Amino acid sequence: MHLIDLHHAHASLEDNGVATLTFRNAGSLNILSSPVLTDLAQAFDALSKDERIRVLVLRGSGDKAFVAGADIKEMRGLNADNAAAFITRLRTVCEAARQFPTPVIARLPGWTLGGGLELACACDIRVASNRVQCGMPEVKVGIPSVIHAALLPRLIGAARTQWLLLTGDNIDAAQSLQWGLLDHVVAPDRLDEEVERLARQLASYGPQALRQQKRMLRAWEKQSIDAAIDDSVQEFANAFKTGEPQAYMASFGAKH
């Protein structure tokens with residue numbers, strides 16, 4: 001079922017609640033220009049309101065890249081006045097993925113650089129081909145890595161973040177996996193199969209439980225341990241208002 005059909009963004013929904021958002025018409029390397037970011041932001045906003053969605057898969061067109069970065073041709077023409085507007089568009093898209101109400105799986109077939117890596121880090125799960133190359137090359141073109149690069153220290157640690165951002169060098173799939181930048185790496189011909197398997201697995205769980213868990217994961221990033229534990233007691237109780245624990249526990253009991 002088609003949900004979104006914009007020039008740079010297309011979304012579809014399967015019967016099991018797995019939605020796929022594809023950014024397109026952005027060149028073979030899926031470069032993030034202002035028009036692409038505008039369509040993606042619109043798509044994310046619409047999809048976030050669709051209660052039928054249990055899991056969202058985010059992908060680019062083709063297998064050369066997830067996103068090879070923001071549009072350098074466009075950035076060359078920026079000045080101090082309009083640079084903030086450009087990077088805010090990227091921030092909006094990354095934050096839309098991070099705050100999306102259901103789990104977001106990033107499909108990473110190849111180049112995942114700069115703004116593309118920031119977008120991938122804003123997703124909940126990153127599944128990659130063993131041909132992937134990850135990097136933050138901004139310093140090589142005269143700008144710092146900003147916005148959702150701030151997620152990197154929590155994902156891979158301060159020392160590795162410093163190396164990645166200060167050298168601007170890329171790391172391959174094996175090193176990215178070892179560092180914790182990726183969650184799962186497979187052969188290129190198994191990438192779609194693995195993304196689909198994982199998406200179907202998550203979609204088989206209680207949709208309200210997944211939404212609760214995603215909401216708590218974001219809240220825990222800002223809360224103290226004590227506050228997170230206290231708040232989770234009420235979230236546990238709230239789960240029993242949905243009927244999902246009763247249904248899923250009954251099914252589990254019947255199987256065991």
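The residues of the chain are indexed from 1 along the displayed sequence. Remember, predicted model here, so these are calculated numbers, not experimental data. Computation of the quantities below employed the complete heavy-atom set of this structure, encompassing side-chain atoms and omitting hydrogens, waters and symmetry-equivalent molecules.
Between I4 and A46, the shortest heavy-atom distance links the atoms CD1-CB, 3.7 Å. Of all heavy-atom pairs spanning L165 and A149, the tightest one is CD2-CB, 4.4 Å. V67 approaches N30 most closely through the heavy-atom pair CG1-O, 3.2 Å. Residue F100 comes nearest to I53 through the heavy atom pair CE2-CG2, 4.2 Å, listed as atom of the first residue, atom of the second, then distance. In terms of heavy atoms, A43 sits closest to L6 at N-CD1, 4.5 Å. What you find for P109 and G62 is that their closest heavy atoms are CG-O, 4.0 Å.
Under the 3.5 Å distance criterion, the side-chain polar atoms of N25 are matched with a main-chain donor or acceptor of H7. Checking side-chain atoms of S61 against main-chain N and O of F23 turns up a donor-acceptor pair under 3.5 Å. Counting only distance, with no hydrogens or angles, the side chain of Q208 and the backbone of E244 share no donor-acceptor pair below 3.5 Å. Judged by distance alone, with hydrogens and angles left aside, the side-chain atoms of D183 form a donor-acceptor pair with the main-chain N or O of R126 at under 3.5 Å. The backbone N or O of E235 lies less than 3.5 Å from a partner atom in the side chain of Q212, making a donor-acceptor pair. At distances below 3.5 Å, at least one donor-acceptor pair connects side-chain atoms of H8 with backbone N or O atoms of R24.
Using a 4.5 Å cut-off between side-chain heavy atoms of Ile, Leu, Val, Met, Phe, Trp and Tyr, with links allowed through other members, L90 and V146 fall into the same hydrophobic cluster. Two different hydrophobic clusters hold V18 and L58 under the rule that ILVMFWY side chains link at heavy-atom gaps under 4.5 Å. If you chain together hydrophobic residues whose side chains sit under 4.5 Å apart, F86 and I147 never meet in one group. Connection of I143 to I87 is not established within any shared hydrophobic cluster, with ILVMFWY side chains joined at heavy-atom distances below 4.5 Å, either directly or through further cluster members. Following chains of ILVMFWY side-chain contacts shorter than 4.5 Å, one cannot reach V55 starting from L47, and the two form parts of different hydrophobic clusters.
Taking the side-chain contact (heavy atoms from CB on, under 4.5 Å) definition, one finds that R54 meets it with A203, P207, Y248, sequence neighbours left out. Partners of E193 according to the salt bridge (Lys or Arg N to Asp or Glu O under 4.0 Å) rule, which considers only residues two or more places apart in sequence or in another chain, do not exist here. Here H148 pairs with nothing under the ring pair (Phe, Tyr, Trp, His ring centres under 6.0 Å) rule; sequence neighbours left out. Not counting sequence neighbours, the partners of E221 by the side chain to side chain donor-acceptor pair (under 3.5 Å) test are R98, R218. Checked against salt bridge (Lys or Arg N to Asp or Glu O under 4.0 Å), K64 has no partners two or more places apart in sequence or in another chain. By the side-chain contact (heavy atoms from CB on, under 4.5 Å) test, T38 pairs with R89, sequence neighbours left out. Residues passing the side-chain contact (heavy atoms from CB on, under 4.5 Å) test with A97, sequence neighbours excluded: F44, L119, A122, C123. For D45, the salt bridge (Lys or Arg N to Asp or Glu O under 4.0 Å) criterion is met by K49, not counting sequence neighbours. The ring pair (Phe, Tyr, Trp, His ring centres under 6.0 Å) check on Y205 picks up nothing, with sequence neighbours excluded.
For the pair R200 and E14, the minimum side-chain heavy-atom distance is below 4.5 Å. In this structure the side chain of V104 reaches within 4.5 angstrom of the side chain of K214, judged on heavy atoms. By the 4.5 Å heavy-atom criterion applied to side chains, L152 and M136 are counted as neighbours. Side chains of V127 and R197 form no contact here, defined as non-hydrogen atoms less than 4.5 Å apart. The shortest side-chain heavy-atom distance between I125 and P103 does not fall under the 4.5 Å cut-off. With contacts defined as side-chain heavy-atom distances shorter than 4.5 Å, the pair Q133/D172 qualifies. In this structure, the side chains of F66 and L117 stay at 4.5 Å or more apart for every pair of heavy atoms. Contact annotation: the side chain of V132 never approaches that of V185 to less than 4.5 Å [non-hydrogen atoms, C-beta and beyond].
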Would L21 and L40 count as a side chain to side chain contact (heavy atoms under 4.5 Å, CB included) here? Give the steps. CA-CA 9 Å; L21 174 57; L40 279 174; 4.2 Å; yes
Between H2 and H10, does a side chain to side chain contact (heavy atoms under 4.5 Å, CB included) hold up when you go through it step by step? CA-CA 8 Å; H2 295 309; H10 177 272; 2.9 Å; yes
Side chain to side chain contact (heavy atoms under 4.5 Å, CB included) between L32 and V93: does it pass, once the steps are laid out? CA-CA 10 Å; L32 296 177; V93 171; over 6 Å; no
Applying side chain to side chain contact (heavy atoms under 4.5 Å, CB included) to L3 and R52, what does each step give before you reach the verdict? CA-CA 11 Å; L3 298 179; R52 297 171 298 175; 3.4 Å; yes
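Applying the ring-ring contact (aromatic ring centres under 6.0 Å, His included) test to residues at least two apart or on different chains, none of the pairs has a partner in residues 104-127.
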Which donor-acceptor pairs under 3.5 Å do the side chains of residues 225-232 make with protein atoms, sequence neighbours left out?
from	atom 1	to	atom 2	distance (Å)
D231	OD2	Q223	NE2	2.4
S232	OG	A228	O	3.3
S232	OG	I229	O	2.7

Show every donor-acceptor pair shorter than 3.5 Å between a side-chain atom in residues 69-83 and any protein atom, with sequence neighbours excluded, or say none if there are none.
from	atom 1	to	atom 2	distance (Å)
D71	OD1	K73	N	3.0
D71	OD1	E74	N	3.3
E74	OE1	S34	N	3.0
E74	OE2	S34	OG	2.4
N79	OD1	D81	N	2.8
N79	OD1	N82	N	3.0
N82	OD1	N79	N	2.7

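Between the CG atom in L181 and the OG1 atom in T161 there is a gap of 9.0 Å [rounded to 0.5 Å]. From L155, atom CG reaches atom CG of L151 across 6.0 Å, with rounding to the nearest 0.5 Å.
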